[in-house]
Amino acid sequence: MVNNLKALLKKAQDDKYALGSFNIYNYETIKGVFNAIKNAGVDGIIAFGAKYTSNMELNEVANLIRTVTAGYGKDIAIHLDHCSDFKLIKEAIDAGFTSVMIDGSALSYEENVALTKEVCDYAHQRSVSVEAELGSIALGEHSNEDHQEEKYTDPEKAKDFVDRTGVDCLAVSIGTVHGTYKGTPNISVKRLKEINALLDIPLVLHGGSGTPEDTIRECIANGICKININTEMSKNAVKAMYERTKENPKSHFSQLSVLAREKVTEVATKYINLFQR
Ligand code: 13P
């Protein structure tokens, strides 16, 4: 059954596990992710990034997720990932998304507070949960060596931000990156502990793909309840399709689609198992 993120994350926070938030952009990814969730018998977050609106329209995403997950006995959140545009957030809510992320991380602190507060007021009136981001999560090419600690989330600011906005969960910047790590990542669990000590709400880790398993376990033990995964599902699906077409250039699109879906399920299953601790 479809629910908002607040309900799902409360259970994760109480029982100290994390939910994977898996990015989807077509039928194969939706079905592939849902198969992993269903096989594991867990609650699930199916996330659509605002940057993928050329792949699917918002109402298609929400309706297709509802159709594919119909009758499933656990909670499913339909989440809009990384959106900096309030207008698109309103459209997603109208289309049936149950959760949205307002990403004001490129704005000044005060602008981020103001925009996030406005989105929370709007979304909460409609029973939709809100995730926000404070600090800035880098891309893969800016991983480990950069030590961009000035971009890490400041614990005191995080407390002020949550108090002033009423946001339901917060994405923190502690050294994970979106995309592929260049080398061994430098992730500050110390910073996470400092943030978690000041906040009561569930915390979110972006850039989950390729993050070392021990680090992920430590993060879950210290307040992370939602972990986003995108790159690894995409990379594994593309690699499998590439190898299959190299073997057989006449491969049919229908077979490649099923192959891609299976790879998505494999990756999502690996992370669901890891996140349950
Ligand atoms: P990865 O692409 O590194 O898995 O990160 C996904 C993410 O954080 C989406 O918001």
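FYI, side chains are in, hydrogens and waters are out, and symmetry mates aren't considered; it's all heavy atoms of this structure. If you read the sequence from its start, that first residue is 1, and numbering goes on from there. Order of listing sets the numbers, starting from 1, for every ligand and every atom in it. Note that the structure is predicted; figures quoted are calculated from it, not measured.
Of the protein's heavy atoms, G207 N, 2.8 Å lies nearest to atom 8 (O) of ligand 1. Here the protein heavy atom with the shortest distance to atom 4 (O) of ligand 1 is S209 OG, 2.5 Å. The nearest heavy-atom contact from the protein to atom 3 (O) of ligand 1 is G179 N, 3.0 Å. Of all protein heavy atoms, the one closest to atom 2 (O) of ligand 1 is T231 OG1, 2.4 Å.
Inspection of the S173 and T153 side chains reveals no N or O donor paired with an N or O acceptor under 3.5 Å.
Between I229 and ligand 1, a contact under 3.5 Å exists for no N or O pair.
A perpendicular orientation is assigned to the rings of F34 and Y72, their planes being inclined by more than 60° (bins at 30° and 60°). Note on ring orientation: taking the six-membered ring where Trp is involved, the planes of F97 and F48 are tilted (angle from 30° to 60°).
Scanning I227, D81, V204, L205 for the heavy atom closest to atom 9 (C) of ligand 1 points to D81.
In summary, the aromatic rings of F86 and Y122 are positioned with their centroids under 6.0 Å apart.
Two different hydrophobic clusters hold L259 and M233 under the rule that ILVMFWY side chains link at heavy-atom gaps under 4.5 Å. Residues L198 and V204 do not share a hydrophobic cluster, clusters being chains of Ile/Leu/Val/Met/Phe/Trp/Tyr side chains in contact below 4.5 Å.
Every atom of ligand 1 with a heavy atom of H206 under 4.0 Å away is listed here by number and element: 8 (O), 10 (O). Atoms of ligand 1 lying under 4.0 Å from any heavy atom of N23, numbered from 1 in the order shown and given with element: 9 (C).
Partner of S21 under the side chain to side chain contact (heavy atoms under 4.5 Å, CB included) criterion, out of N230, N228, V33: N228 alone.
The shell of residues lying under 4.0 angstrom from ligand 1, judged by heavy atoms, excludes E232.
Heavy atoms of other residues, nucleotides or ligands lying less than 6.0 angstrom from CG of D200 number 12 at most.
Using a 4.0 Å cut-off between heavy atoms, V177 contacts ligand 1 through its backbone alone, with no side-chain atom that close. Only the side chain of H82 comes within 4.0 Å of ligand 1, judged by heavy-atom distances.
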